[in-house]
Structures are given as structure tokens and as C-alpha cells.
Trainee: 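Right, I'll just put the structure down here and ask away after.
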Amino acid sequence: MDESSWLQAVLDWVQLHPHATGWMIFLVALGESLLLVGILLPGAALLIGLGTLIGLGVVDFQLAWITASLGAFVGDGVSFWIGHHYKERLLKIWPMYKFPRLIEQGQSFFKKWGLLSVFIGRFVGLVRPIIPAIAGMMQMPIKKYIAISTIAAILWSPFYLLPGMLFGNAMGVMSKVAGKLAILVLIFVATVALVYWVIHLLYAFLLPRTHRILSHALIWTQKHPHIGKLTSGLIDPRKPEKGSLALMATFIVGITITALFFSLNSQTVSTWSLQVDNFMLAFHTDWTEPVMLFILSVTHDLAILIPSIIVFLWLIRRKRGVAAGHWAFVVITGYILSLLINYFSHENTQSWFGYHHLTWFITVIAFWAALISGALPHKMRSWPYTLATLLIAVVSFAQLFFHQMSLGVVLISIFSSILWASVVAIAYRMRARKQFLGWPISALFFSFQGIAIIFVLIFFAGQFKETQPLTNKILSEQQWLNCELVERTDWLNRPKQAFSIHYMGNLSELSKELAQQNWTTLKPSAWKDVWKALTTDENNDEIAIIPSTNNGKIESMIFTKADNQDLIALHLWQQPISINNFKQPVYAGYISLHKINQKLGLTYWKNFVDDKALDAFIQSINSSKRLSIDHNNNQYFIRQQEP
């Protein structure tokens, strides 16, 4: 199976089973509307994702609208019935009594807006899962509730589907040139939404319990004099922390090495890692690699070391000795832990400098979150943890994308580094007496990290920019002339334009000959051409041709010629073949007619396959004295003539 055919299979299944898709949308909207369930279920994010499929043309909009509206109406109706049936007793039933603030907010909202609260509450995420039950509990007339709830459900579903539809429509435009990047962006957005949801749930769960857990731990250390002597230093500021940190470091290194041993010798983990590698390989294109390389550069040693030194110096200058000491300690030990993981995992064991010290980055950024959160207002303390988690997720994704680390090693690195950073953070928070502004540390860290990333991209990104040499298949000249017609494949490996033009020779020579016939040579550059499309308009002389892709690679060269208000273009890709007794490279491509198109802020030449364009190109070749052309099997084979 082709690397991305699984994705096409999923999309085909969705299109072939509209009823199953409708039920899925119904259940998501239903769960998102049920009493309390909607708090735990990220229904809005799921509906935006479904809206993306609508924008891509995979899911029918009317089906999604109807089923989402029905799901919302039924979910609200169930919640209303529960409130209407139990009345005031509802507040004393588990798990309702676990959410007193949410119930108080819902009651205040209902008292303020009255009957309209059912309509308004459908669009307000904080009270949406509770308002119908409150309305039932407060004896809202059923007929009025049904009328208002019906209107709210019908209007609510497109409200949440529309953002995804716009995103999907944008993906549809970009899929012509960067479809795999669009899917990668979709996966990234879904991951960000999931991580954000999980972090806020965990933070809300742990925050009221942290003080109690630490208090019980302190009491336990006092009751166990032997083990307590080794562990109490973490949570008891009256005792030295060195022994406790050394014990915890030994414990973490031990479980890390043990986990690595089982991971590297597990057939299941190896199979999963291979599947992830194949999945990532499917997304390697000239569009995705620059983006992922930028993300990967965040984990380069310079991008960690330089901002860490700057933050340490700032803490020293501000006379925050406790914070500076713990910061330096976590930076140094995080690097050592990273080296140990790389050594025992047999990955990049010979290199102490580069992109592969994921553990170091995670340790530093996790401790940064703990350091900063204590300096923020209570309501904002979850944000550093959310940001740190998102950064950990994306850089881990980049490590897997470039095959820097296997899946098992990435997961173990995340677990070990977060555990170690948490241990040091507890020791620090138990001893920190002075609070300080968190934004200077964040500004210094991320600004200098940005500068370091630019430096890394300029001087150290060459190893990822090197193109793999083509594996040439050797053909005779006659085999080349009799080759079967192939087509350019899009991001889902679907056939698009037929490669009807074949050229054997140097592109510089072809460029000289076509220039005499008023053709212009363009060297495509993926993101630069998109930028040009964003910054030009239809009156500009340099309207961009956004490159196409074939097997993840953009064109080797594009040749263009003006044709009144249109543009004729020849798109060529170098082929993995060579011809016996000839040293020139071989190219294949197609001719297209382009018209100016404006969409989503982009102004570019949109291509159409047109016989008129092909005839104009053949006429230019026939007018050349240095080029010869053969026609066979609906294909044209062009060669340089001997002088």
C-alpha cells in the first residue's frame, strides 16, 4: 500500500458511508450537549474538525447541519428532562454536587437572561452543558423550551461547523500544491486542541489537591526516619535537598534505562515505531520539510543553551539565587540525562551536539513552566504548563518526522524529563521565598531562542537540506521512446496531469533555445512563491505560479510564455532514469494553460490542461535548430541535436 493511500481510504470510506458519518456527527453533538458530559468532551473541537471535512468536500454540509442540530436538540432535551424530573434534588446528586461553581454560574446566567438563557447559553461554552438542566429545574414551560431550543440548535451547528469549513476550503486550495502540509497542519491543530483540553482537565484536577498531597508526603517523611531522611529534602525546606535530589536522580535514571531496555527489545514497540516512520515518510515534501525543520531547530543544543545562559545571568543580576541555582542545576542535569538516554538507546551515541537532545529541551521547558507559573496570577497559572506541553508535543513530532529518534525513545524521553523537572521544581517551590515577574524570563528565553534558531537554520540545517540522489534506472534509448504514459500524482497519490513531455539534456540548453521563442525560465521555490502570491495583485507583472508536487517534490524548472491574458507553462521534474550511452539527465512533465486566479488573499496563475498550450509549445520546439522532437504513444520526446 502506498504511504498515503491509508488516508485516501479513510476519506473514501467517509464518502461511501454518509449514514455512518451522520451518526458520528449526531453522537458528537449529543455528547457535547449532555449535562456535565459536555464539560469533558471536546465536542466543539470535534465539530470544527468535521467542518474541515465539509470544506474539503468529503462530508455533505446538509447532512452535517441536520445531524448536528438533531444531536444538540436531543442532548439539551435529555439535560432539560433530568433537571425537570429531579428539580432541586439535582443539586445533591452525584456528580452534580462536585461542581458547585458551575451550577452557581448556570443559575446566575438563567436568572439574568430568563427564557433567552437557553438560546444564548447554547453558544457559550462555559454554561452550555448546564443551562438546559437549570432551565428544567427552575420549571421553564416545556413548549417555550422546545421552541427556543429548536431555533438555537439549528443556528448553533453551522456556527461551529463554519470555522472548520473555511479551514477545509483553504486546505482544498492549498492541496493542489501542498496537500500533505495541509493534512499535517490539520493533525497539528487536532493535537493542539487535544493537548489543551487534557492539560486544563489535569490542572483543574491537581490544583486543589497539590497542597494536600505535599502535606501528606511531609507527614510520611517524618514518620519514616530512614527513607524520610532521603526524600524529605524535596518538600521540607529546613533540610538539605542534595541527598534527596541524588536519590531521585538515581531512581529516574534506573527506570529510564529499564524502560529503554524493554522498549528496544519489544517487537510491539518496534512495529509501532516502523509504522510511525512510514506515516511520517508519507508527509516528506518540499513544502513540509522547511516547516518541520524550523520546529526541529527548537531542540538544537544552541537553541537550548544560549537562552538558558541568558536566563541564568538575568536571575543572578536580579539576586534570585535560589531560582538561579535550580535553573542551572536543571539545565546541566537535563543535558546529562539526554546523553544517557541517547547512549543506552543506541541513537546518536557519538554526537554530543546537534538536534537530537529532545530530553534536554523537555527538561528545561518543563522547569520553565513551573518557575513561571508561581509568578503569575492564580487564574493564569495553567498557561505556562499548556504552552510547555504544546511545545513538547510539536518538537517530539518533529523528532519523529526527521527520524531523529524512534517512537519508544521519544515517549521514554518525555516521561523521564518531565519527571525529573517536576522533582527539581518541587524542591525549588518549597524553598522559593521571593516572587518575581515571570514575563522578563519568558521574553528573554524565547527571544534569544528565536535568534539561536535563525543561527541554527543558517549554519547547521545543511544535513537536512541535502537532497537524496536519484536511484537511476538504466534504459536504452528505444525503451525511453516507448515508455508508458505516466501521470503526476497529487498529495493522496491520485493521478492528475499526464506527463506527455519528456526531455533528455541539460535544462540550461533548453532554456537558451526556448528564450529565443520568448519563453521565460522560472526556478520554483515553494514558500517564496506562496509569499509572492500573497503580496501581489492581478495588475502586477510578477504573478506567482505556485509549484505543483510529484512524489513530494516540486518542479525542477518551469518555463513560461505569455499568451494574451493567459500564460503557457512547461512543468518539468527530473526522473530517476538514465539512458545508455548518454550522460544527460532525463526530465518529464506536462504543458498547461494558466489564468489569473484570486482566492483567500492569494493571486496566482491557476493551471488548466489545454491543447492550445501544447500546440504552442510544440511549435516553439519545431522552430528550434538545436532541439529535435519525436511523437509516440501521445507523448513528445525532446532531445538536443548534435552540433
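Only a predicted model underlies this, so the values are computations on that prediction, with no experimental measurement involved.
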Trainee: Could you state the interatomic distance from CD (Gln575) to OG (Ser556), rounded to the nearest 0.5 Å?
Mentor: 8.5 Å

Trainee: If only side-chain N and O atoms count, and only distance matters, is there a donor-acceptor pair under 3.5 Å linking Tyr385 with Ser373?
Mentor: yes

Trainee: Do the ring centers of Trp420 and Phe367 come within less than 6.0 Å of each other?
Mentor: no

Trainee: Locate the shortest heavy-atom distance separating Val298 from Ala303; write the atom from each residue and the value.
Mentor: O-CB, 3.6 Å

Trainee: If every non-hydrogen atom of Leu572 is compared with every non-hydrogen atom of Gly589, which pair is closest and at what distance?
Mentor: CD2-N, 3.9 Å

Trainee: Please state whether the rings of Trp360 and His357 are parallel, tilted or perpendicular, taking 30° and 60° as the class boundaries.
Mentor: perpendicular

Trainee: Using side chain to side chain contact (heavy atoms under 4.5 Å, CB included), reason through Ser396 and Ile414 one step at a time and then give a plain yes or no.
Mentor: CA-CA 8 Å; Ser396 300; Ile414 293 173; 3.5 Å; yes

Trainee: Any chance you could measure His571, atom NE2, to Arg488, atom CZ, to the nearest 0.5 Å?
Mentor: 8.5 Å

Trainee: First locate atom CG of Leu296, then atom CD of Glu289, and finally report the distance between them rounded to the nearest 0.5 Å.
Mentor: 11.5 Å

Trainee: Taking the six-membered ring for Trp and the full ring for Phe, Tyr or His, determine whether the centres of Trp368 and Phe446 are under 6.0 Å apart.
Mentor: yes

Trainee: To check you understand the geometry: which heavy-atom pair defines the closest contact between Asn342 and Met405, and what is its length?
Mentor: OD1-CE, 4.1 Å

Trainee: Does a side-chain heavy-atom distance below 4.5 Å link Val586 with Ser578?
Mentor: no

Trainee: Roughly how far, to the nearest 0.5 Å, is the CG atom of Leu358 from the OG1 atom of Thr363?
Mentor: 9.0 Å

Trainee: I want to check something: taking the side chain as every heavy atom from C-beta on, are Ile577 and Ile474 in contact at a cut-off of under 4.5 Å?
Mentor: no

Trainee: Which word best sums up how the rings of Trp23 and Phe26 line up, parallel for under 30°, tilted for 30 to 60°, or perpendicular for over 60°?
Mentor: perpendicular

Trainee: May I ask you to check whether Phe460 and His300 place their ring centers less than 6.0 Å from one another?
Mentor: yes

Trainee: Ignoring hydrogens, what is the shortest heavy-atom contact between Val269 and Gly408? Give both atom names and the distance.
Mentor: CG1-CA, 4.0 Å

Trainee: With a 6.0 Å cut-off (strictly less than), is the heavy-atom count around NZ of Lys523, excluding the residue itself, greater than 12?
Mentor: yes

Trainee: With sequence neighbours excluded, tell me which residues meet side chain to side chain contact (heavy atoms under 4.5 Å, CB included) with Thr258.
Mentor: Phe262

Trainee: Going by the rule side chain to side chain contact (heavy atoms under 4.5 Å, CB included), which residues pair with Ser308 if we only count those two or more places apart in sequence or in a different chain?
Mentor: Ile304, Trp327, Val331, Val364, Phe445

Trainee: Drop me the distance from Ile365's CD1 to Ile392's CD1, to the nearest 0.5 angstrom.
Mentor: 7.5 Å

Trainee: Identify the two heavy atoms, one from Ala452 and one from Leu302, that lie closest to each other, and give their separation to 0.1 Å.
Mentor: CB-O, 3.8 Å

Trainee: Using every non-hydrogen atom in the two residues, find where Met557 and Pro524 come nearest and quote the distance to one decimal.
Mentor: CA-CD, 4.0 Å

Trainee: Between Ile372 and Ile441, does the side chain to side chain contact (heavy atoms under 4.5 Å, CB included) criterion hold? Intermediate values first, please.
Mentor: CA-CA 8 Å; Ile372 293 302; Ile441 290 179; 3.9 Å; yes

Trainee: What class does the angle between the rings of Tyr590 and Trp573 fall in, given that below 30° is parallel, 30 to 60° is tilted and above 60° is perpendicular?
Mentor: parallel

Trainee: How about Thr359 and Ser413: does a side-chain donor come under 3.5 Å of a side-chain acceptor?
Mentor: yes

Trainee: Please evaluate residues Ile418 and Ile362 with respect to the criterion side chain to side chain contact (heavy atoms under 4.5 Å, CB included), reporting the C-alpha separation (whole Å), side-chain torsions for both, the decisive distance (0.1 Å), and the verdict.
Mentor: CA-CA 7 Å; Ile418 290 179; Ile362 297 176; 3.8 Å; yes

Trainee: Can you name the side chain to side chain contact (heavy atoms under 4.5 Å, CB included) partners of Ala259, sequence neighbours left out?
Mentor: Ile412

Trainee: Nearest 0.5 Å please: distance from the CG atom of Leu485 over to the CZ atom of Phe499.
Mentor: 10.0 Å

Trainee: Apply side chain to side chain contact (heavy atoms under 4.5 Å, CB included) to the pair Leu337 and Thr333, showing each step before the final yes or no.
Mentor: CA-CA 6 Å; Leu337 180 61; Thr333 55; over 6 Å; no

